[in-house]
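These numbers come from the heavy atoms of this one structure, side chains and all, not from hydrogens, waters or symmetry mates. All figures in this text were calculated on a predicted structure; none of them were measured in a lab.
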Amino acid sequence: MPQTSRATIGAVIIGRNEGERLRLCLASVLPFTRAACYVDSGSTDGSVEMARSMGAEVISLDLATPFTAARARNVGYRHLLDLHPKLRFVQFVDGDCEVVPGWIEAGRKYLEANPNCAVVFGRRRERFPAKSIYNRICDLEWNVPVGDALSCGGDALFRLDALVPVGGYRDSLIAGEEPELCLRLRRVGWRVHRLDQEMTRHDAAITQWRQWWRRAVRTGHAFAEGAWLHGASPDRHWVHEASRSVLWGMAIPLTIALLGLLVSPWAWLLALIYPLQWLKLTVRERSPLVAFLTLTGKFAEVQGVLKFCVTKLLGRTGRIIEYK
């Protein structure tokens, strides 16, 4: 990458106890950026010292304030701008990811050539998709269509003169912060674009059912909070997704149970809707196991929806839902 181009790009990496994955991540961005800022959230494995030794700026978050990835990313890019006010772009990347060679330059060129685009992202791939069915599903989820998109994920290259005026990420969101930010960007006329280009290799490290369940709970929480924030707008942000979680994870089972207990035992036959839905998903996903996890995931998602509702009713602050 030309030095003049490199001078305009910073990187923000967030993580906790990522170990070797963080070393790979930093090594993949430091040679291609003016500066990289690693924002740590309480690591005990030497991550902070390793990042400093590799030449990254390091910020250790004050965990007296509840941690969110959104807050960490905001702290990171604002710190970089304080140090290097002439930066034009920032690559956000999670500490369990490695940026593919050539991605940052490809993203920069696209943003340079498309001044109405705020953020560009490419193909995030799972590093070990064969290690578990859960990892494989993650890899499939990230393969979104090429072209203009509604949102990006945690790894993306942002134009700072788009990011700064909208205030960056919403600090309080414990999940779903990228789609919410992209929604606000699109509302003021910016585009979000996915390139047909390899971007990052991610290590989901999901090998157990309980990890998958907690990840789905987090997804449901994100759906509910996104719908609460922006559901009344014309965008209807995540209203459909939250509604489907409630429908399949709670409304249908409760209705069947009430009818079966209060009206007729024959009403329990309505539960056949679930194997029928499983068959439909099996045809769509071409995998009985993926279909099963997609369907049962609705029960976890509704748990996340209810968790958000209870937290909001009690006036409490949501706590991050971790699955690793």
Does any N or O in the side chain of [X] come within less than 3.5 Å of the main-chain N or O of [Y], such that one atom is a donor and the other an acceptor?
X      : Y      : answer
Ser28  : Val99  : yes
Asn114 : Asn116 : no
Arg186 : Leu150 : yes
Arg170 : Leu181 : no
Arg71  : Thr65  : yes
Trp278 : Pro288 : yes
Asn17  : Thr44  : yes
Gln197 : Gly107 : no
Gln211 : Thr207 : yes
Asn74  : Tyr169 : yes

Quick one about [Y] and [X] (side-chain donor to acceptor, distance below 3.5 Å, no hydrogens or angles considered), yes or no?
X      : Y      : value
Trp103 : Gln91  : yes
Asp40  : Ser47  : no
His230 : Glu180 : yes

Kindly give the heavy-atom pair with the smallest separation between [X] and [Y], and that separation in Å.
X      : Y      : result
Val39  : Gly76  : CG2-CA, 3.7 Å
Gly154 : Arg73  : CA-NH2, 3.6 Å
Ala216 : Gly297 : CB-O, 4.0 Å
Pro165 : Leu160 : CD-O, 3.9 Å
Ala205 : Asn135 : N-OD1, 3.7 Å
Ala11  : Thr33  : CB-CG2, 4.0 Å

pair [X]-[Y]: side-chain heavy atoms closer than 4.5 Å:
X      : Y      : answer
Leu22  : Met50  : yes
Arg123 : Trp142 : yes
Asp94  : Arg124 : yes
Phe92  : Asp155 : no
Glu178 : Ser151 : no
Ile174 : Arg218 : no
Trp238 : Pro179 : yes
Val119 : Leu157 : no

Q.
Tell me whether the count of non-hydrogen atoms from other residues, nucleotides or ligands lying under 6.0 Å of CG in Asp196 goes above 12.
A.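 At most 12 heavy atoms, drawn from other residues, nucleotides or ligands, come within 6.0 Å of this atom.
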**Q.** Residue among Arg201, Arg21, His202, Arg127 satisfying side-chain hydrogen bond (donor to acceptor under 3.5 Å, both in side chains) with Asp96
**A.**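 So the option named by the test is His202.
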Salt bridge check: are [X] and [Y] linked by an N-O gap of less than 4.0 Å?
X      : Y      : answer
Glu105 : Arg108 : yes
Arg215 : Glu141 : yes
Glu49  : Arg52  : no
Asp148 : Arg194 : no

Q: Hydrophobic side-chain clustering at under 4.5 Å (ILVMFWY, transitive links): who's grouped with Leu254? Put none if nobody.
A: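 Besides Leu254, the cluster holds Val246, Met250, Val302, Val305, Leu306.
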To the nearest 0.5 angstrom, please state how far the [atom1] atom of [X] sits from the [atom2] atom of [Y].
X      : Y      : atom1 : atom2 : value
Ser41  : Asp62  : OG    : CG    : 12.0 Å
Ser53  : Arg23  : OG    : CZ    : 10.5 Å
His240 : Leu247 : NE2   : CG    : 10.0 Å
His237 : Trp228 : NE2   : CH2   : 13.0 Å
Glu57  : Ile13  : CD    : CD1   : 11.0 Å
Ser245 : Lys298 : OG    : NZ    : 4.5 Å

Q: Applying ring pair (Phe, Tyr, Trp, His ring centres under 6.0 Å), run through Phe89 and Phe158 and close with a yes or a no.
A: CA-CA 6 Å; Phe89 310 105; Phe158 277 78; over 10 Å; no
(Q) Quick one, Arg125 with Asp139, criterion side chain to side chain contact (heavy atoms under 4.5 Å, CB included). Give me CA distance, side-chain angles, the key distance, then yes/no. (A) CA-CA 6 Å; Arg125 287 193 181 275; Asp139 189 66; 3.8 Å; yes
Q: Sort out for me which residue in Ile14, Val58, Val12 forms a side-chain contact (heavy atoms from CB on, under 4.5 Å) with Tyr38.
A: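 Exactly one candidate clears the test, Val58.
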Count I, L, V, M, F, W, Y as connected when their side-chain heavy atoms are under 4.5 Å apart, and connections chain through other members. Are [X] and [Y] then in the same cluster?
X      : Y      : answer
Leu111 : Val188 : yes
Val166 : Leu81  : yes
Ile206 : Leu140 : no
Leu163 : Val93  : yes
Leu87  : Tyr77  : yes

Could you go through residues 256-277 and list every donor-acceptor pair under 3.5 Å that involves a side-chain atom there, pairing it with any protein atom two or more places apart or in another chain?
residue	atom	partner	partner atom	Å
Ser264	OG	Trp266	N	3.1
Tyr274	OH	Trp248	O	2.6

Q: Would you kindly check if the NZ (Lys) or CZ (Arg) of Arg214 is within the cone defined by 45 degrees around the ring axis of Tyr323 and under 6.0 Å from the six-membered ring centre?
A: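 So Arg214 doesn't make the cation-pi contact.
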Return all side-chain donor-acceptor pairs below 3.5 angstrom for residues 311-322, not counting sequence neighbours, or 'none' if the list is empty.
residue	atom	partner	partner atom	Å
Thr311	OG1	Lys307	O	2.8
Glu322	OE1	Arg16	NH2	2.7
Glu322	OE2	Arg16	NH2	2.2

Q | Stepwise side chain to side chain contact (heavy atoms under 4.5 Å, CB included) test for Gln208 and Tyr134 | A | CA-CA 8 Å; Gln208 300 176 20; Tyr134 313 113; 5.7 Å; no
